[in-house]
Amino acid sequence: MALSLSKFMTGNTQPVPSAKRARHVGIIMDGNGRWATRRGMPRSMGHRAGVEALRRTIEAAPSVGIEVLTVFAFSTENWKRPKPEVDFIMNLLVEYCRREIDKLNEAGVRLNALGRIDEMPEPQRSEIRRAVELTAGNDRLTVNLAVNYGGRAELVDAFKAMAVKLQAGELDPSAIDEALLGEHLYTKGLPDIDMVIRTAGEMRLSNFLLWQSSYSEIYVSDIAWPDFNGEHLARALESFGRRERRFGGLVEE
């Protein structure tokens with residue numbers, strides 16, 4: 001199910017009932033390298049194909065009621081990969097921002113970045129900031145790129161920010177609660193994750209949005225990320241609609 005940007009821009013889609021709608025969906029985009037290796041291609045071609053899958057998913061997201069889409073693009077641990085692969089991914093990130101940002105802006109997409117962006121190389125840092133600034137006023141769909149991101153690192157950064165305020169006398173320890181912690185996370189102001197989708201069949205969160213996904217529904221697809229499309233996204237959201245979310249309570253009979 002490939003949706004064109006023109007359809008996306010006009011909002012010509014059927015609404016999804018709010019009671020069964022996943023407002024915020026996170027995707028662990030896994031399987032790029034394996035997809036390429038199975039086809040006798042270098043791993044880099046899998047990452048490039050993954051960019052096309054991301055485009056398809058962004059185009060399809062509004063039709064299934066998604067308001068916020070967070071995609072795991074590059075983790076704090078991914079720097080351990082071979083340098084040629086890391087360099088390719090970093091260059092691909094710059095290419096994506098430069099090539100796609102005007103289309104995303106015209107389509108009403110707000111692009112945001114989650115992670116330790118300040119620690120990234122200058123070209124990537126600059127392009128990400130430019131994309132975020134350009135699309136800041138859009139409200140049709142928020143797309144969070146989790147880049148140089150780690151769930152544990154995010155919590156450490158939040159704790160450090162609160163510690164600075166405590167030390168300066170700007171924060172009373174008794175005021176610290178879950179809501180206050182949420183105000184210091186990268187996702188400040190966004191709803192928690194309703195569903196986490198992981199492709200390529202792996203059964204782990206891999207340090208992705210640990211706090212925000214504490215009550216998320218988990219959906220694992222055997223499809224490698226480069227083959228993921230709107231049909232697969234719709235299938236995941238159909239699964240979400242059939243589930244009962246109890247949040248530690250009981251379902252009323």
Side-chain angles (χ1 to χ4, degrees), residues 2-11 23-30 32 44 46-63 66-76 78-79 81 85-151 153-154 157 184-191 193 197 208-209 212 225-226 228 230 233:
L3 301 184
S4 68
L5 274 176
S6 60
K7 183 174 183 180
F8 179 20
M9 291 167 65
T10 58
R23 295 177 60 204
H24 187 172
V25 172
I27 303 181
I28 302 174
M29 305 181 294
D30 198 15
N32 291 344
S44 59
H47 296 306
R48 187 169 291 282
V51 169
E52 298 305 313
L54 177 58
R55 180 188 292 111
R56 293 193 299 265
T57 303
I58 291 173
E59 290 178 1
S63 70
I66 296 173
E67 298 174 16
V68 183
L69 179 67
T70 300
V71 293
F72 207 178
F74 191 85
S75 77
T76 50
N78 285 155
W79 297 105
R81 293 189 177 189
E85 181 172 355
V86 170
D87 288 345
F88 183 88
I89 293 172
M90 289 295 106
N91 291 333
L92 192 59
L93 176 60
V94 170
E95 178 186 325
Y96 175 81
C97 287
R98 290 177 178 170
R99 188 181 66 191
E100 299 294 327
I101 194 59
D102 288 336
K103 296 176 186 176
L104 293 174
N105 190 41
E106 291 172 5
V109 175
R110 174 189 171 217
L111 192 67
N112 193 26
L114 310 180
R116 291 178 170 174
I117 308 304
D118 290 343
E119 296 179 1
M120 296 188 69
E122 173 55 32
Q124 287 72 29
R125 194 164 65 236
S126 296
E127 286 300 324
I128 289 171
R129 285 174 176 165
R130 185 181 73 86
V132 169
E133 290 172 4
L134 179 64
T135 61
N138 296 334
D139 60 6
R140 184 176 291 278
L141 172 70
T142 296
V143 175
N144 296 315
L145 288 179
V147 184
N148 196 24
Y149 174 85
E154 179 180 21
D157 289 348
H184 291 82
L185 296 175
Y186 304 148
T187 53
K188 175 183 177 180
L190 296 175
I193 295 273
I197 299 171
F208 179 63
L209 293 171
Q212 299 89 336
W225 176 245
F228 197 83
L233 181 63

Any residue meeting salt bridge (charged side-chain N to carboxylate O under 4.0 Å, His left out) with Asp102, in chain and number order, not counting sequence neighbours:
none
Heavy-atom nearest pair, Thr187 first then Leu209, reads CG2-CD2, 4.2 Å
Any side-chain heavy-atom pair from Leu69 and Ile27 closer than 4.5 angstrom?
yes
Find out whether Ile101 and Arg130 are in side-chain contact, i.e. whether some heavy atom of one side chain is under 4.5 Å from a heavy atom of the other.
yes
Can you tell me how far apart CG (Leu114) and NZ (Lys188) are? Round to the nearest 0.5 Å.
14.0 Å
By salt bridge (charged side-chain N to carboxylate O under 4.0 Å, His left out) - contacts of Glu122 (at least two apart):
Arg125
Residue list, salt bridge (charged side-chain N to carboxylate O under 4.0 Å, His left out) with Arg99, at least two apart or on another chain:
Glu52, Glu95
All heavy atoms of Trp225 vs all of Thr57, minimum pair found to be CH2-OG1, 3.3 Å
Step by step, work out the side-chain contact (heavy atoms from CB on, under 4.5 Å) result for Leu233 and Ile197.
CA-CA 9 Å; Leu233 181 63; Ile197 299 171; 3.9 Å; yes
How close do Leu93 and Ile128 get, counting heavy atoms only, and between which atoms?
CD2-CD1, 3.8 Å
side-chain contact (heavy atoms from CB on, under 4.5 Å) for Ile66 and Leu141? Distances and angles first, verdict last.
CA-CA 7 Å; Ile66 296 173; Leu141 172 70; 4.2 Å; yes
Would a distance-only check, ignoring hydrogens and angles, find a side-chain to backbone donor-acceptor pair under 3.5 Å from Glu154 to Tyr186?
yes
Using 0.5 Å steps for rounding, measure from the CG atom of Leu111 to the SG atom of Cys97.
6.5 Å
Hey, could you give me the CD1/CD distance between Ile117 and Gln124, rounded to the nearest 0.5 Å?
10.5 Å
Measure the spacing between CD of Glu100 and CG of Leu54 and express it to the nearest 0.5 Å.
8.5 Å
Look only at the side chain of Glu127 and the backbone of Val94, and say whether a donor-acceptor pair between them is shorter than 3.5 Å.
no
Whether Asn91 side chain and Asp87 backbone form a donor-acceptor pair below 3.5 Å:
yes
Test item: Asn148 side-chain N/O and Arg116 main-chain N/O as donor-acceptor pair under 3.5 Å
yes
Could you tell me which residues satisfy side-chain contact (heavy atoms from CB on, under 4.5 Å) with Glu67, sequence neighbours excluded, listed by chain and number?
Arg21, Arg23
Between Ser63 (side chain only) and Ala60 (backbone N and O only), is there a donor and an acceptor less than 3.5 Å apart?
yes
Once side chain to side chain donor-acceptor pair (under 3.5 Å) is applied, do any residues pair with His47, and if so which ones, sequence neighbours excluded?
Asn32, Glu85
Residues at least two apart in sequence or cross-chain that pass salt bridge (charged side-chain N to carboxylate O under 4.0 Å, His left out) with Glu119, listed by chain then number, are none
Got a donor-acceptor contact below 3.5 angstrom from the Arg56 side chain to the Phe228 backbone?
yes
Would you name the heavy atoms of Val109 and Thr135 that are closest together and state the gap between them?
O-CB, 3.3 Å
At their closest point, which heavy atom of Ala73 faces which heavy atom of Val147, and how far apart are they?
CB-CG2, 4.1 Å
Taking the side chain as everything from C-beta on, heavy atoms only, tell me whether Leu104 gets closer than 4.5 Å to Tyr96.
yes
Taking all non-hydrogen atoms of both residues, which atom of Met90 and which atom of Trp79 are closest, and how far apart?
SD-CH2, 3.8 Å
Does any N or O in the side chain of Asn144 come within less than 3.5 Å of the main-chain N or O of Thr70, such that one atom is a donor and the other an acceptor?
no
